[in-house]
Protein chains: 2
Amino acid sequence: MTNDQDASAKFALLQAAQALFAEEGFEKVSMRTLTQKAGVNLAAVNYHFGSKQGLIEAVIAGYINPVNQARLKALESAEGAAEGRPVALETILDCFLGPVLEAVRKSEIAEKLFFQLLGRCMVDQSLSSLPDSVMETFQQVLIRFPQALHRSLPELSEEEILWRLHFSIGVLVHVLSRTEGFLHLAGGRVGKPAFEEILAMVRTFCRAGLMSPAVKETVEAS
Amino acid sequence: MTNDQDASAKFALLQAAQALFAEEGFEKVSMRTLTQKAGVNLAAVNYHFGSKQGLIEAVIAGYINPVNQARLKALESAEGAAEGRPVALETILDCFLGPVLEAVRKSEIAEKLFFQLLGRCMVDQSLSSLPDSVMETFQQVLIRFPQALHRSLPELSEEEILWRLHFSIGVLVHVLSRTEGFLHLAGGRVGKPAFEEILAMVRTFCRAGLMSPAVKETVEAS
DNA sequence: TTCCCATTCAAACGTTTGTTTGAAACGAAC
DNA sequence: GTTCGTTTCAAACAAACGTTTGAATGGGAA
């Protein structure tokens, strides 16, 4: 039906975990339902991943790291193309949002589940308990992107840029994890667009938010 | 009888639950640690709230409903003052964000815990399992505020306004629940401002995002 | 007093949780 | 065929969970 039946228990577990974690959250999925859906023995999780937490971290790292690495790569390439000149704000934003869209396209699980899983990675886990590799790559993102943004928006302090990037991430996470609930609450007043369209609206919203005049005076000797 | 302050165990439970839920999340707090912190018997939760879920919902409703009711009241009063003219976008935003700040000030638990609790209410619970009273009031917010925004931003379709309000809520929730992690990840590059200052930045960000020119053409031919 | 109702309490209930165990099964190398 | 390391399996494990129980407690009202 699907692909190569190379499906060692490890692969089957990852696949089942992605779907189930997305549907119900990391904590609420028991290892029994998990292994049952994967068609493997209960002990397989502890054998292949050490513990349930190990499986959770493997799933998280497998999802978030590619996105953040693609972000850094896209930004590097954009900066290379700019040849020393500041990269346009819109381009930086695309470097940030594009990899999410791309990851959705590449995803083997349903689009809807992907949203929920990616959103849940930011939400269920307390940030400090994320896998180290995820923390490190994300930290890189929180360094490179503010640098690029600062060159594009020199009138803003790096601190305020960081805050606005924080806000933008909030929009993205919220859209990924809670859009379904929003659509339900909105009743019939808003139909569900394709993810590209939602992301286009996010882009517009965050672009305007990032470009807005500074809240604080840029701190120069007071 | 049922209420007034004579229900000391009930009150102690609510107080302890607020702090613990904020610190560790709804699911991770066991009834034994909960009742122990409150200094009451283990069975008290089931006696006073029916179940753990009942306590969770009481805590959530006690926090979110006052905020949403204050939002609606503030908007009504602003619309009264406007006497038929559209309310300014900044005023609408203040009606939306102000009650959060006010609730923080009134909160009996530490400010930091309040953030986490309020953020967690949106995050831990799947939206459809929120208490009915919360859903209803929040639905009212999702009706009144887009109406007011549409009068202030007539060039935007109501649908796009709803999306942008969705985004703004995302910023707020993210700021409430994940700012601590953000500060940690940012290393020493950004100091923690007072909550008022953070909200001021949120206001600026969302104002610009809301005001941005429409993504879609207002009229769709299909 | 006696009765009644609301509340508290210690103890136990039945499930479910993640994890561990020791044996069985498999496949490749010798 | 025998050996060896890896993987699978059924079964059991101890701990933690939310909930229930039935008796004890306390203070008004009759």
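Any value given below was found using the heavy atoms of this structure, including those in side chains, with hydrogens, waters and symmetry copies removed. Every chain is numbered from 1 and lettered A, B, ... according to where its sequence line falls, protein lines coming before strand lines.
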Say you draw a straight line from CD of Gln147(A) to CD1 of Ile92(A); how long is it, rounded to the nearest 0.5 Å?
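Rounded to the nearest 0.5 Å, the CD-CD1 separation comes out at 11.0 Å.
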Parallel, tilted or perpendicular, as decided by the 30° and 60° cut-offs, for the rings of His166(A) and Phe182(B)
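It falls in the parallel class, under 30°.
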Chain A footprint on DNA chain D, 5' to 3' - any atom under 4.0 Å from a heavy atom:
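Nucleotide range in contact with chain A: dT6(D) to dA12(D).
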When you measure from every atom of DNA chain D, which of residues 16-23 of chain A have a heavy atom less than 4.0 Å away?
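Going residue by residue through residues 16-23 of chain A, none turns out to have a heavy atom under 4.0 Å of DNA chain D.
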Assess whether side-chain contact (heavy atoms from CB on, under 4.5 Å) is satisfied between Ile60(A) and Leu117(A), documenting all intermediate values.
CA-CA 8 Å; Ile60(A) 291 181; Leu117(A) 180 59; over 6 Å; no
Under 3.5 Å donor-acceptor, [X] side chain and [Y] backbone:
X: Thr179(B); Y: Val175(B); result: yes
X: Arg164(B); Y: Ser212(B); result: yes
X: Arg71(A); Y: Cys95(A); result: no

Run the salt bridge (Lys or Arg N to Asp or Glu O under 4.0 Å) test against Arg105(B) and tell me which residues pass, sequence neighbours left out.
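Partners of Arg105(B) by the salt bridge (Lys or Arg N to Asp or Glu O under 4.0 Å) criterion, ordered by chain and then number, come out as Glu196(B).
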Set of salt bridge (Lys or Arg N to Asp or Glu O under 4.0 Å) partners for Glu102(B), sequence neighbours left out
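Scan of Glu102(B) (salt bridge (Lys or Arg N to Asp or Glu O under 4.0 Å), adjacent residues dropped) gives Lys106(B).
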Between the two end axes of the helix from dC3(C)-dG28(D) to dC30(C)-dG1(D), each built from 5 base pairs, what angle do you get to the nearest 10°?
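Helix axis angle between the two ends: 10°.
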Every protein N/O within reach of nucleotides 24-29 of chain C N/O, cut-off under 3.5 Å:
none

